[in-house]
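Reading through the structure tokens given below for one structure.
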Amino acid sequence: MHCVPLLRLASLRVAYSGRCVLDIGNVVLDSGGAGAGFLLGANGAGKTTLLNAISGYATSNGCTFLDTDGCVVRIDRLRPHAVLRAGVARTFQHPIATSMLTVWESVALASSIYAGTLWSPLSSSIRPAITPIFEALELSEVRDVPLLNLPLKWVRRVELARVLTSEPGVLLLDEPTAGADDVERAALTAFLGNTLPALVAELRARNAYRFPACNVWVITHDIQFAQAVCAAGDVRSPALVLDAGKVLREGSLEQVLRDPTVIDAWIGGMDGDVLDF
Amino acid sequence: MSWRLDPLALALSLGVLVAYVAGATSGDAWLCRVAALYGIAISVYAGMYLITGLAGVVSLCVSAVVGVGAYAAAVGLVRAGLSTPASLLLGAFAGAAISWVIAASTRSLADHYLSLATLAASEILGNLFRGWESVTGGANGFAGIPKPSLVGFALQRPVEYAPLCLAMGLGAVLFVGYVRKTAFGVALIAYREEGRRIEAVGLDSARLRRGAFFLAGGCTGLAGALAASVDGFVGPESFGVPQSIALVCFFVLGAQRGIGGIFLSAAISTILTEVLRQTGVWQNIGVGTIALALLAARTRTVTRIALAKAGD
């Protein structure tokens with residue numbers, strides 16, 4: 001029995017113009033509900049392609065299952081909006097930062113989409129459960145600012161708030177620290193390590209979250225960030241390393257970063273010594 | 001978000017009302033007819049506000065959808081003996097239905113590919129208008145359409161049917177204004193700015209687009225039904241691609257003013273068309289040239305602000 005919704009990938013394969021760019025065997029993505037799991041690999045390894053395949057933005061062969069305590073839902077043939085409704089949410093590496101919608105409008109819209117109240121005035125679409133999400137991401141101070149007037153870090157927070165309104169069981173983040181300064185990285189570290197698990201637990205206690213926990217996986221090149229999230233959550237985060245579309249190594253973050261094949265294929269090409277466990 | 005009265009929209013509307021009153025008191029039917037056509041144009045641009053202004057889709061079959069509404073109302077009035085209100089409803093529904101079909105059949109297309117598909121739809125409908133002689137009258141058109149009548153009162157003259165057209169136009173604007181304030185209207189803006197990415201927050205973008213096309217088609221179909229009754233004649237040459245392109249150009253002129261721009265676009269297109277009608281063969285040349293000049297004058301502003309401001 002497990003409380004965290006699991007993402008089970010079975011023979012997941014993606015090909016573009018006949019060329020195979022992703023070939024994942026049987027993998028289970030389980031971050032344990034605290035902190036996050038990490039999808040690592042060099043540029044072009046297939047990390048975002050994997051995210052796209054899971055979330056329905058890329059056509060794939062094979063099967064993807066969302067397993068919530070034995071209740072299994074197959075999601076590989078679903079369109080992105082249906083994947084989200086099933087419980088798997090994702091963010092994008094380059095969020096749309098040119099929207100004229102305000103922060104509040106963006107989050108309220110996501111809330112109304114999830115609640116199925118598209119034909120009601122937007123003001124009546126906010127569910128009470130949205131307020132804790134808004135506050136956890138500190139969006140109140142920029143509530144009425146259009147996204148196109150906000151720095152990227154706020155746009156990323158809004159994107160995160162939008163997907164959290166759908167109460168996902170699995171949250172896939174694509175390079176959330178890209179372009180972020182140290183302050184924002186620290187804030188995101190704290191959010192993933194402490195705030196998000198507590199937020200999910202609080203909403204769950206209020207019957208305002210449909211899953212018992214949130215299984216978070218993060219695509220990142222930022223090993224220091226990954227190590228910081230592990231430390232913040234005081235957990236041994238799992239990691240999956242991809243190389244040329246295939247799984248190179250999977251295990252705990254500590255294990256994969258010390259693996260010689262991973263060091264040869266990926267870390268060896270990176271500058272600086274960042275491994276410090 | 002609160003309703004804002006756009007000053008220019010208010011001024012134009014008052015101007016049209018003044019023109020109507022002047023025409024009614026002086027017996028100048030032309031002024032009253034311009035007011036009626038202005039009301040009909042408002043319905044068309046209200047529909048375009050949903051599709052092009054909010055959703056960001058450049059549809060080149062707007063005129064054809066107007067034609068579907070016109071022919072549907074004509075058939076209803078002449079062959080089925082429907083009342084004016086029933087024929088208006090029939091025209092609106094026909095426009096909505098055909099627009100839904102167009103959206104459903106182009107669900108996998110986006111951006112300029114979608115616009116090209118609407119161009120193809122316009123050609124298909126145009127051929128239908130010309131070829132389906134038993135229903136549409138073919139190239140000769142559909143004549144003998146009775147003037148509007150309401151509650152037993154026949155609205156034969158422009159001074160009599162202009163208020164109906166203006167009221168329908170105002171109703172269309174109020175309707176799209178309400179849609180704008182709903183989550184559906186905000187979703188259209190999000191779709192315009194994020195495209196298929198909006199599905200990552202659970203929105204079925206194909207269904208959203210079908211809904212937008214349906215509602216917009218209702219407004220433009222209503223305009224067609226009104227126009228059929230007002231003119232007493234419907235001909236295929238009025239609903240082709242050149243007319244759709246002109247509608248898009250005039251819509252862009254008012255796009256930056258949000259809902260208020262509907263009135264601006266309707267005023268410019270109606271006044272230009274009716275004033276230049278006196279020039280005969282030079283009408284289309286004149287309308288196109290002036291529209292081009294107005295667009296060029298606003299190009300710098302349009303490219304800076306972009307259609308993004310159309311949703312105010």
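Naming: A, B, ... by sequence-line order, numbering from 1 per chain. Only a predicted model underlies this, so the values are computations on that prediction, with no experimental measurement involved.
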Side-chain heavy-atom pair Leu118(A), Thr182(B) within 4.5 angstrom cut-off
no

Determine whether more than 12 heavy atoms belonging to other residues, nucleotides or ligands lie under 6.0 Å from atom CH2 of Trp100(B).
no

Is any side-chain heavy atom of Met100(A) less than 4.5 Å from a side-chain heavy atom of Ile189(B)?
yes

Look at Arg162(A) together with Glu194(B) and state whether they make a salt bridge at an N to O cut-off of under 4.0 Å.
yes

Is the CZ atom of Phe65(A) crowded by more than 12 outside heavy atoms at less than 6.0 Å?
yes

Within residues 79-90 of chain A, contacts to chain B at heavy-atom distances under 4.5 Å involve Arg79(A), Pro80(A), His81(A), Leu84(A), Arg85(A), Arg90(A)

Flag if over 12 foreign heavy atoms under 6.0 Å of CZ, Arg74(A):
yes

At a heavy-atom distance under 4.5 Å, which candidate from Leu203(B), Leu208(B), Asp204(B) has the highest pair count against chain A?
Asp204(B)

Which residues share a side chain to side chain donor-acceptor pair (under 3.5 Å) with Ser63(B), sequence neighbours left out:
none

Give, as side chain, backbone, both or neither, the part of Ile113(A) having an atom under 4.5 angstrom from any heavy atom of chain B.
side chain

Show the numbers, then the answer: is there a side-chain contact (heavy atoms from CB on, under 4.5 Å) between Leu101(A) and Val186(B)?
CA-CA 8 Å; Leu101(A) 296 180; Val186(B) 179; 3.7 Å; yes

Less than 4.5 Å apart, side chain to side chain, heavy atoms only: is that true for Phe184(B) and Ser120(A)?
no

Residues of residues 164-180 of chain A contacting chain B, heavy-atom criterion under 4.5 Å, by residue number:
none

With only heavy atoms counted, which part of Ser99(A) is less than 4.5 Å from chain B, the side chain, the backbone, both or neither?
both

Evaluate whether atom CZ of Arg77(A) has more than 12 neighbouring non-hydrogen atoms of other residues, nucleotides or ligands under 6.0 angstrom away.
yes

Working to the nearest 0.5 angstrom, can you tell me the gap between Arg197(B) CZ and Ile96(A) CD1?
4.5 Å

Might you point out which heavy atoms bring Ala200(B) and Val163(A) nearest each other, and give the distance in Å?
O-CG1, 3.9 Å

Can you tell me which residue pairs pass the side chain to side chain donor-acceptor pair (under 3.5 Å) test with a partner in residues 132-145 of chain A, sequence neighbours excluded?
Glu138(A)-Arg157(A)

